[in-house]
Amino acid sequence: MNGVANEPPSLDAADYDPIQHLNLLFSHPSTVSSITHVSSTLQSKHNDLSAEITSLHTAQAYGPDSSLERMQSAQAELAGLFKKIETVRSRAIQTEQNITSMTADIKRLDGTKRNLTLSMTALKRLQMLTTAYEQLRGLAKTRQYRECASLLQAVLQLMRHFNSYRSIDQIATLSRGVGELQRELLEQVCDDFEIAFAKGDVGAKKATLVEACGVMDALGDNARARLVTWYVNTELREYRQVFRGNDEAGSLDNIGRRYAWFKRMVKGYEEEHAAIFPPHWRVGETLAMAFCDGTKDDYKGILERSMRRIDGAKIDVNLLLSCLQETMDFEQTLERRFSNEPRASIDTLSSADERIQSFNGSISVAFEPYLSLWVESQDKALTTMIPKYKAQPLLPSDEEFSPQAVISSAIELFHFYKLTLSQCAKLSTSERLLDLAKILAKYLDEYAQQVLLAILQRPGQTGASLEDVILVLNTADFWHANTEQLEENIKKRIDHDLVSKVDLSSQADAFLGVASAAVIALVNKVEADCDGAWREMKNTNWSKMESVGDQSSYVGELVTHVNAKAQEVLGVVVKHQYARAFGDKLVEHLANAYVLNIVQCRPISEVGAEQMLLDKYVLTKALENLLSHHNPSSSSQPHVPPSSFVKRVNTTMTRIDPLLKTLQVRPSPPEGLVQAYLIHVGDRSDTNFRKILELKGIRKQDQGHLMELFTIHRDSSSGGKLVAQSPLLTPLMNAPGLGGVGIGVNNLNLISIDRLATGPGAALSTAAQGAASRFDAASLGEKLLNAARDGVERMGTPAVHEAGQVQGGGAQNAASINENLKNFGKFFRRDIGGLGARFGKRDGSVDEHQGGR
């Protein structure tokens, strides 16, 4: 401890650190010699602390206020508390015993009183029962039914109190006596009714019979049902003998006699017997239902025998319908008659006898299995109507054409459908209505194909007139809307479990297809007026053109013809969606025709290609205002074309640009032409590149070097950016025009349509491929027309008097054409950017500019 400069820390400190203290004590090697002294000092300190602790512990344990004494005192207090609790519990038990002994006598007295009261009540009821039973026997013998009814109810109610005492002989004997009396009263009342009706003394004994009905009410439901059943059988016995035992009287020809007999019988019941029975028995309704059940069974037997006749003669459909209609009228009469009868009060014993049966269908259900004959008759009627519609004029002779007009046969067929459906829904809402729906669907298909489409297929140079095409378009639109409404109407009327089987969507699609074909026919009329302009374009020497000037002369002529004919067509097209469809298809066809004529104008110089590009731009701007001819505004403000149509026109016409831009590049240097082809056309086809060379007029011997360069650059370029076949040039691969033979517009359109039908990549250039990747189903209308014409040529055009005769091959072709109608009608709904998106939706949505027309 010598040499320690710092003050050592206190051993009592809370933050005492022994390491620090040792470092202070032995801070120098010279202090090691003091270890013994430090150790002894610490030991002494430890001993002093231990002695102090022991002293304090002893003082705490044995002092005058030690914790041990306090613990012992607490234990003594707890023992005293438990002793007091036990004393209170024993006193409570004793008190309870004293109270129980005090109230035992009172409880015995209460039990005695209760038993005495029950005994007195039972004896009094037994006395009343015995007395009432004896009185009831006497009243029953004297036929005092009014008193019997009230007394019988009292006896039965009292007897229910003694059901638990039947083990007593006297009570059992009395119970058997009451039961026997009930049976005697039942038989007695029935005998009285039988005797009164047999002797014709109903009027004289009416009062007795009315009181007897009160007794039957008291006897219960079984007794009442027995009497009512007997009465019904008695009243209907004559009916069953007359109409079941006589074939002539029971035939369908005499169905009116059955209902007349029942009406006479009901009239007699209301005049003579209705007052006998209580109203809540509803005897008249039960009588009518029994008549209906018996008549239904009779009709089933008659109809079954008629179908099994060995002479092969079937039931006359008109007679069947007449009988069914008369039966349904009779059922409606019964329904009105008995649905107006007052119901029993909810607080009467008879309130449960509510009428739950309905007379609708109670008899007519027997006719339902044979309604197929009626459905067949409608099938035969429609079979004769379709050829008649095909031969008759589209409009009556006294009716002038209007842009809103619909073919008169469509109106007639619609009314026939409406009447037939309403009539069938009254007759049956089950399988027969479903059968009729299938028949209606079948002839909707035939009307679309054999009537409407046949008008568009008329032979000749001009085909169908403009007015006829507009009538077909309006009629197809009319039936497209009404077919969907017809489907909804049938679904509302048919049974719930058959709703899912009603589907006329394919018929609606077929009419949508006819509408598309009509639009294509309108486009073809415009195209026919453009032949002169295209001829002038082909007569121009595009290979010798030295400079680019204003638009070519053929462009002005082409725009003039297009606007004039489009104005004539759009002037009679009423709905905006069809006007827009016409504009879209016309632009598409003109673009295809422009490509065709470019092919036929070869060879084309670079200046000629640049002039064609300028002409294309002028034509595009002219086509943007095509819809201005539809419902032109009378105001002086200029027409603003819809933005969607302008976009459609530019997208369609821009598809030609890759071809013209490639033709603008000179063949020297050859690498420039190859690179231009790969950039603008962008495919890997040798044949398509050779097509460009031939269009430019490059000689055969000079094409070899260019083909080699094309192969080298094609293979060295990024293969993922080039398509295998260009949608612009591929349709022209097999065109005879490349070999020196002309190619018709219809052939090019058909090639384009085939391409559109086989895939969504209907682009005329890779630059516009994204915008054109949508499938344009409207173009299928033209393909349908071509296929339909081919089918007619194969089948031949039958004369009017032979319209009902169809050969096997013709029927097959007709089915194929009809299937095509349905298919591309469905495509319209799928094409959100084409014609179908504007008038193919079932939700009634239209184009953005339709509302502003």
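Below, each value reflects all heavy atoms present in this structure, side chains not excepted, and no hydrogens, waters or symmetry copies. Position 1 is the first residue of the sequence; numbering continues from there.
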- Message: With side chain to side chain contact (heavy atoms under 4.5 Å, CB included) as the criterion, how do Asp584 and Glu588 come out once you've worked through the C-alpha distance, each side chain's angles and the decisive distance to 0.1 Å?
- Response: CA-CA 6 Å; Asp584 290 345; Glu588 179 75 24; over 6 Å; no

- Please assess Val406 against Trp479 for the test side chain to side chain contact (heavy atoms under 4.5 Å, CB included), listing each intermediate value before the final yes or no. CA-CA 10 Å; Val406 176; Trp479 269 117; over 6 Å; no

Who are the side-chain contact (heavy atoms from CB on, under 4.5 Å) partners of [X], not counting sequence neighbours?
X: Ser543; result: Asn541, Pro603
X: Gln675; result: His713
X: Val607; result: Met545, Val548, Ser605
X: Val502; result: Leu434, Glu487, Ile490, Lys491, Ile494

- Quick one: pull up CG in Asn592 and CD1 in Ile656 and give me the separation to the nearest 0.5 Å. 8.5 Å

Identify the heavy atoms of [X] and [Y] that sit nearest to each other, and give their distance.
X: Ala609; Y: Ile604; result: N-CG2, 3.6 Å
X: Leu452; Y: Val514; result: CB-CG1, 3.8 Å
X: Ile698; Y: Gln703; result: O-NE2, 3.0 Å
X: Trp534; Y: Ala593; result: CZ2-CB, 3.7 Å
X: Asn474; Y: Pro403; result: ND2-O, 2.6 Å
X: Leu473; Y: Ala515; result: CD1-O, 3.7 Å

Side-chain ([X]) to main-chain ([Y]) donor-acceptor, under 3.5 angstrom:
X: Thr620; Y: Met653; answer: no
X: Tyr594; Y: His589; answer: no
X: Arg684; Y: Val723; answer: no
X: Asp615; Y: Ser552; answer: yes
X: Lys525; Y: Ala464; answer: yes

Go through the structure and list residues passing salt bridge (Lys or Arg N to Asp or Glu O under 4.0 Å) with [X], not counting sequence neighbours.
X: Asp550; result: none
X: Asp468; result: Arg458
X: Asp529; result: none
X: Glu671; result: none

- Query: Are a donor atom and an acceptor atom from the side chains of Ser726 and Asn688 found within less than 3.5 Å of each other?
  - Reply: no

- Does atom CD of Glu546 have more than 12 heavy-atom neighbours from other groups under 6.0 Å away? no

- Query: Going through the checks in order, is the salt bridge (Lys or Arg N to Asp or Glu O under 4.0 Å) test met by Lys696 and Glu606?
  - Reply: CA-CA 8 Å; Lys696 291 182 68 63; Glu606 291 76 20; 2.9 Å; yes

- Task: Would you list the pairs meeting salt bridge (charged side-chain N to carboxylate O under 4.0 Å, His left out) in which at least one residue belongs to residues 534-545, sequence neighbours left out?
- Result: none

Enumerate donor-acceptor pairs with a distance under 3.5 Å from any side-chain N or O in residues 658-670 to protein atoms, sequence neighbours excluded.
unit_1 : atom_1 : unit_2 : atom_2 : d
Thr662 : OG1    : Pro658 : O      : 2.6

- Task: Determine which pairs satisfy ring-ring contact (aromatic ring centres under 6.0 Å, His included) with at least one residue from residues 683-703, sequence neighbours left out, and list them in order.
- Result: Tyr677-Phe689, Phe689-Phe710

- Message: Taking ring-ring contact (aromatic ring centres under 6.0 Å, His included) as the cut-off, I'd like each qualifying pair that reaches into residues 549-574, sequence neighbours left out, listed once.
- Response: none

- Item | Test side chain to side chain contact (heavy atoms under 4.5 Å, CB included) applied to Val573 and Leu522, step by step | CA-CA 10 Å; Val573 175; Leu522 295 175; 4.2 Å; yes

- Query: Are the charged groups of Arg699 and Asp702 less than 4.0 angstrom apart, N to O?
  - Reply: yes

- Query: Is there side-chain contact between Phe511 and Phe478, with heavy atoms separated by less than 4.5 Å?
  - Reply: no

- Query: Is there a side-chain contact between Leu693 and Leu673, using heavy atoms and a 4.5 Å cut-off?
  - Reply: yes

- Query: What's the verdict on side chain to side chain contact (heavy atoms under 4.5 Å, CB included) for Gln611 and Lys616, showing C-alpha distance, side-chain angles and the deciding distance?
  - Reply: CA-CA 9 Å; Gln611 181 66 50; Lys616 191 271 308 181; over 6 Å; no

